[in-house]
Amino acid sequence: MFFLLDSLSAFFLVPLLVLSALSALYGWGYLRKGKGSESAGRQWFFFNILVAGMIAVLLAADSLMFLVCWEIMALSSFFLVVSRDEDKTARQAGFIYLGAAHIGTAVLLLMFALLSVPGVPSGFWNSAAFSASGVQISRAFLLTLGIFGFGMKAGFMPLHIWLPKAHPAAPSHVSALMSGIMIKTGIYGILRLFSVLGGVDAWCGGTLILAGICSGVIGMLLALGQRDSKRVLAYSSIENIGIICMGIGLAVYARVCGSTLVCLLALSGALLHLFNHAFFKGLLFMAAGAAAKSCGTRDPDALGGCAKALPATSASFFLGSAGASGIPLLNGFAGKFLIYLAAFCGLSLKGSGLLFPCVGVIAGLSLSGCLSLACFSGLSGVMFLGKPRGRQDVLSEYSTLMCAAMIAICAVCLFLTFAGPLFSFPLAGAAAIVFQSADFLVLPGLADRLVPLSLAAAAGYILAALGIVFRRVLLRRRTVSAVETWNCGYANPGGRMQYTAASFFYPLRKTFTFFNVRKNAVAVSKTAVFPAGYKGEAQSVPGIFKVFLSGISAKLEESLSRLRWLQQGRLHVYIMYIMAALLILLLWKIR
Amino acid sequence: MLDGILMLLVLLNLFSLGSTRISASIRVVAYQGAAIGLVPLFLRGKIPGTMLLGIVFVTLLVKAVLLPGFLRYAQKRVNVRREEKTFVGVSTSILCGVAALGVAFFISSRLPLPFATASPFIVPVALSVSLTGSFIIISRAQALSQVIGYLILENGIYLFGIALFLEQPLLVELGMLLDVFVGVFVMGITIFHINREFEHTDTSRLSGLADWLPEERSLE
Amino acid sequence: MNIVYPLLNVLIALLAAPLMAGIINRVKAFFAGRKGPSLLQLYFDIGKLLRKGAVYSRTTGVFFRLGPPVGLAAVFMALFFIPWGAYPAVLFFPGDLVLFVYLLGTQRFFMILAALDTGSSFEGMGAGRDAQFSVLSEAVLFLCLAVMSAASGSVSLNGMLCSAGGKIWQVSPPVLIVVVFVLYIILLVENYRVPFDDPNTHLELTMIHEVMALDHGGADLAMINYASALKFWILAALPAGLLFPYALNPDFPGNALLFFGIIAATAVLTGIVESGMARLRLLKVPQLLTAAAALSLVALIFLAK
């Protein structure tokens, strides 16, 4: 039996199916007018394989099938990332992505090899079969391998390097799918590993919480002031994966400490946030892509004032930003709320040993939540509101199909805002599978906890509408006129006088200078006596990682370059290597 | 009440980490000394009443009046207003102070103390005061700040000694007090001379006195 | 009958919130040697503004018009989760403190968007600084709520403040004094008072909140001012709820008056602080907020033992 559908898989499949359908609709409009329509066929080929691969990964019941589909997923997404292969940054991003994905897959290969049992060639990936098989391998080692391997796909810190490069380089509908679902398959893998191993340790929870806090806070700090709107969204995906990791880590920790309620709440929060994030992040990527296509640039500092010309795109971006900021009026709040509730419940249970993890989770969630509110309000405001900062041409929506897809996802997000209580049974079922215990199914349902949120959102909309109506009634018999913005009396304000994204985020980046190194590169042309011109470029470079990783990679390169002699470049030598390896394996097997 | 004084000590720690003005730090040392001087009044002990009052009076006199007064005199002579160069920023120092408190609580929960103390917070707070004092010594460059850090460190050790309330606390404590007094006196005189010689008291430039350096570096 | 008294308390809050702004201004005038505006000045201002027409900038779109009503709606909703005097809150459920903080965040989100919609660099500057302060102040507010939750064993605001808050004082008095102090600092930050922002000016040095409302006029400005007054009341109710003497019998007039008196005293204290302190340099504000976060962490560490 190769495929198995249970509550956990089903929970991940629903957003996958809906989002891939809508992003295919979007992609139809995105690719149709592009130059070089011959590449569209190739793109759709890999897109379909990607979706099929992801579905198969979520349904796979044994290790070999899982690994094959995992690799299919990675390869097809690689080809989609480099689809615009005339662009050098896209190529580079693709290679980094491929390297990172394969490192992860190599580690997973080792893990699955250890999970297998002699006599059954493809190993076990569902829990019942595994516990009956009696594999004696250290659970800690397996968990480490699993978290590393799946973490490389999920993209939490410090394994996130490929994400900010790969997601902006891909076409927008593919980015939406990658950010929305593909990185979540890493989380799915971790949860499945927990369920297969049948039990977890406290250090595992602590590590996940720590990785989550780092991803959440540092990921969002790196997002501030980027010059590419899709890069901001990629960093925001890292932040949201951090939030999900915090929830899962807290659930594991609480399970070990014996508090089932906190465990259920935290895991449900993580899964619900995962579900909601798929949709609002997909929406954000699509809207950012549509804005880039309409305006010709992805740099927020060159945009501005598009909202009136691009109503569907800007409305989608604002809805997505509201979701990403975690406002109670949209769907981004429910998952975070449950994780907060879990942490506060853990705090209020005295003497349960959960104090410091819960405080860490609360601090991490609040910092990252507030940073994302600041980031998205600033980004969406700078991109769509105010006056145009650069181009003055007439803008229009790029394609109606794209608008239709975006509006559909907006509707889904709005539905999810109010549909929280519907999730209570699926979430409890998924939790029961992850932790292999039926306690979760008998706990008081999550529905009671999520109903107040839906009511609050509804009340919020109604009160806001009442406020707007009240003002309209007041102004009905009075004069309403239009003038230029006040600007302290300046008579002719231009678009360039406005705040840009860089200036908006400047105070925040000054506060957290440890994580942001601004690199100002100035190139002076040295041709003549008088300097012909210079090009200045300011870039936000995550300083610590660069220094740390470049040091490690330099050392690695130096030590591995001694093995360079193995690469002879001649076919006969390579055949000799293959025959030698086969011979050695045969000799070792029959000893 | 004892818990209140201990919380006040922790807050004074954070305040000393957070301020770069020398006069504010001296005031913090004075208040800390006063608070620590009052602590023995709240401990149930084997010391008779008059001797207890004597200890409290002497401690208050030395820690809260004499030493800070001497430091203020030194500050006026050397004419240093604020700490220009800290190696760690203010926010980071404060967060390190909180981390030091956490570490102190962790250590004290593992220390096998042979007898119970009057309050479960005394030993952790004493450790945290010592850690804060050493952090100030490490992270500040001005010589006067180093003396202040040393005083805070001694405050912590003194509190630790009181908390454990040894058999003959009186002589030990008075001896320590004398030791601190002489130390600060000597340090103050040294600071005068350094200032007179170099016209500054920035200890980070002490490496300028060396004949050789591990690597070729231009000296400021 | 149980719902009537809490609702009555909410009504009192809605009516009395602008009075607090009047008290603050009167105290500041007293310290400056002036007579000062009348205590009911904000009521007159709001009434005058509601009778005016509106002037909108051509650059602005939907969000400029959405900012004030949505902000007022969010703050109005937050009012229902706070317990008053000896009575429970009108609405409470487990985890309502998270919703409370995020409702204040909703108001901030829409105000930032409204500010950026005008296309003016002044509002952009205010919005950027507001975003910076809010990151730290929300984290500190959550830490304070964590301390209160750990001390009281409850996950709802109703269980942490006022009559149910008596348990907290029995746990550890020094910790609660620190928490009250930190909550007061948060009150000053979130209401843009000295030492974080000067509510009297909107010059570049002090541009944070006042400048975000620079282009609003008429009914919009009335809504913004009223929402600020409500926000002051709400955030003052948190330390007031902690300080409220819990041993009183729940007889209606006395408790409500006492609670009102504590909030009015907070307003007086704010006036004194505003008169006595200068605004901090903007570089120092994150340091002060970090110190506030450190204080709450210290309170938590003390509570853990």
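Proteins come first, then strands; the chains are lettered A, B, ... in the order of their sequence lines, and each starts at number 1.
Ranking C/Ser57, C/Pro286, C/Gly53 against chain A, the residue ahead of the rest is C/Ser57, based on heavy-atom pairs under 4.5 Å. Annotation: maximal heavy-atom pairing with chain A below 4.5 Å, among C/Val70, C/Asp220, C/Leu72, C/Leu143, occurs at C/Asp220. Listed options A/Ser325, A/Pro328, A/Ala374 were ranked by heavy-atom pairs under 4.5 angstrom with chain C; first place goes to A/Pro328. Ranking A/Lys510, A/Arg471, A/Lys387, A/Gln498 against chain C, the residue ahead of the rest is A/Arg471, based on heavy-atom pairs under 4.5 Å. Contact count versus chain A (heavy atoms, under 4.5 Å) is highest, among C/Gly119, C/Pro68, C/Ser137, for C/Gly119. Between chain A and the residues C/Glu123, C/Met223, C/Arg51, C/Gln287, the largest count of heavy-atom pairs under 4.5 Å involves C/Arg51. The residue among C/Leu97, C/Val140, C/Leu103, C/Val101 with the most heavy atom pairs within less than 4.5 Å of chain A is C/Leu97. Taking A/Ala343, A/Ser368, A/Ala363, A/Gly381 one by one and counting their heavy-atom pairs under 4.5 Å with chain C, the maximum is reached by A/Gly381. Taking A/Gly467, A/Ala464, A/Ser481 one by one and counting their heavy-atom pairs under 4.5 Å with chain C, the maximum is reached by A/Ser481. Of the listed residues (C/Ala127, C/Gly105, C/Gly218), the greatest number of heavy-atom pairs within a distance under 4.5 Å of chain A belongs to C/Ala127. With chain C as partner, the option from A/Phe318, A/Phe505, A/Phe384 having the largest number of non-hydrogen pairs under 4.5 angstrom is A/Phe318.
Note that the CE atom of C/Met160 and the CZ atom of A/Phe344 stand 6.5 Å from one another [nearest 0.5 Å]. To the nearest 0.5 Å, atoms CZ (C/Arg65) and CG (A/Leu475) are separated by 10.0 Å. Atom CZ of C/Arg108 is separated from atom CD1 of A/Ile327 by 11.0 Å, given to the nearest 0.5 angstrom. Rounding to the nearest 0.5 Å gives a distance of 7.5 Å between CG of A/Leu355 and CG of C/Leu303. Summarising the geometry, atom CE belonging to C/Met148 is positioned 13.0 Å from atom OG belonging to A/Ser348; distances are rounded to the nearest 0.5 Å. Distance check, rounded to the nearest 0.5 Å: CZ of C/Phe63 to OG of A/Ser380 gives 7.0 Å.
Within 6.0 Å of OH in A/Tyr461 there are more than 12 heavy atoms belonging to other residues, nucleotides or ligands. In the displayed structure, A/Arg472 atom CZ is contacted under 6.0 Å by at most 12 heavy atoms of other residues, nucleotides or ligands.
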Next on the checklist: Between C/Glu138 and A/Ser366, does the side chain to side chain contact (heavy atoms under 4.5 Å, CB included) criterion hold? Intermediate values first, please.
Outcome noted: CA-CA 7 Å; C/Glu138 241 185 60; A/Ser366 60; 5.6 Å; no

Checklist entry - So C/Leu50 and A/Leu474, side chain to side chain contact (heavy atoms under 4.5 Å, CB included) or not? Walk me through it. => result CA-CA 7 Å; C/Leu50 285 177; A/Leu474 272 181; 3.4 Å; yes

Checklist entry - Given the rule in the side chain to side chain contact (heavy atoms under 4.5 Å, CB included) test, do A/Glu484 and C/Thr59 qualify, once you have shown the distances and angles that lead to the verdict? => result CA-CA 7 Å; A/Glu484 193 55 65; C/Thr59 320; 3.6 Å; yes

Next on the checklist: Set out, in order, the CA-CA distance, both residues' side-chain angles and the distance that settles side chain to side chain contact (heavy atoms under 4.5 Å, CB included) for C/Leu113 and A/Leu385, then state yes or no.
Outcome noted: CA-CA 8 Å; C/Leu113 283 179; A/Leu385 301 176; 4.0 Å; yes

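Taking 4.5 Å as the limit, every side-chain heavy atom of C/Tyr56 sits out of range of all side-chain heavy atoms of A/Val483. Residues C/Phe93 and A/Leu341 form no side-chain contact, since every pair of their non-hydrogen atoms from C-beta on lies 4.5 Å or further apart. Side-chain contact check for C/Asp215 versus A/Thr485: some heavy-atom pair is nearer than 4.5 Å.
For C/Gln132 and A/Thr511, the side-chain atoms include at least one donor-acceptor pair closer than 3.5 Å.
Minimum heavy-atom separation, C/Val155 to A/Cys345: CG1-N, 3.6 Å. Counting all heavy atoms, side chain and backbone alike, A/Met497 lies closest to C/Ser121 at O-CB, 3.1 Å.
Residue contact with chain C, scored on non-hydrogen atoms closer than 4.5 Å, is absent for A/Ala307. Residue C/Phe109 touches chain A through both its backbone and its side chain, counting heavy-atom pairs closer than 4.5 Å. The contact between C/Leu145 and chain A is made by backbone and side chain atoms together, counting heavy-atom distances below 4.5 Å. Heavy-atom distances place the side chain of C/Ala219, and not its backbone, under 4.5 Å from chain A. For C/Leu136, the part lying near chain A is the side chain, with the backbone staying farther off; criterion is any non-hydrogen pair under 4.5 Å. Contact annotation for C/Phe110: only side-chain heavy atoms (C-beta onward) come within less than 4.5 Å of a heavy atom of chain A. Neither the backbone nor the side chain of C/Phe80 comes within contact range of chain A, judged by heavy atoms closer than 4.5 Å. In this structure, the portions of A/Ser321 lying under 4.5 Å from any heavy atom of chain C include both its backbone and its side chain. Heavy atoms of A/Leu466 lying under 4.5 Å from chain C are absent altogether. For chain C, no part of A/Ala465 is nearby; none of its heavy atoms comes within less than 4.5 Å.
Note: A/Tyr340 and C/Phe142 meet the aromatic proximity criterion, with ring centroids under 6.0 Å apart.
The backbone N or O of C/Thr60 sits less than 3.5 Å from a side-chain atom of A/Lys308, completing a donor-acceptor pair.
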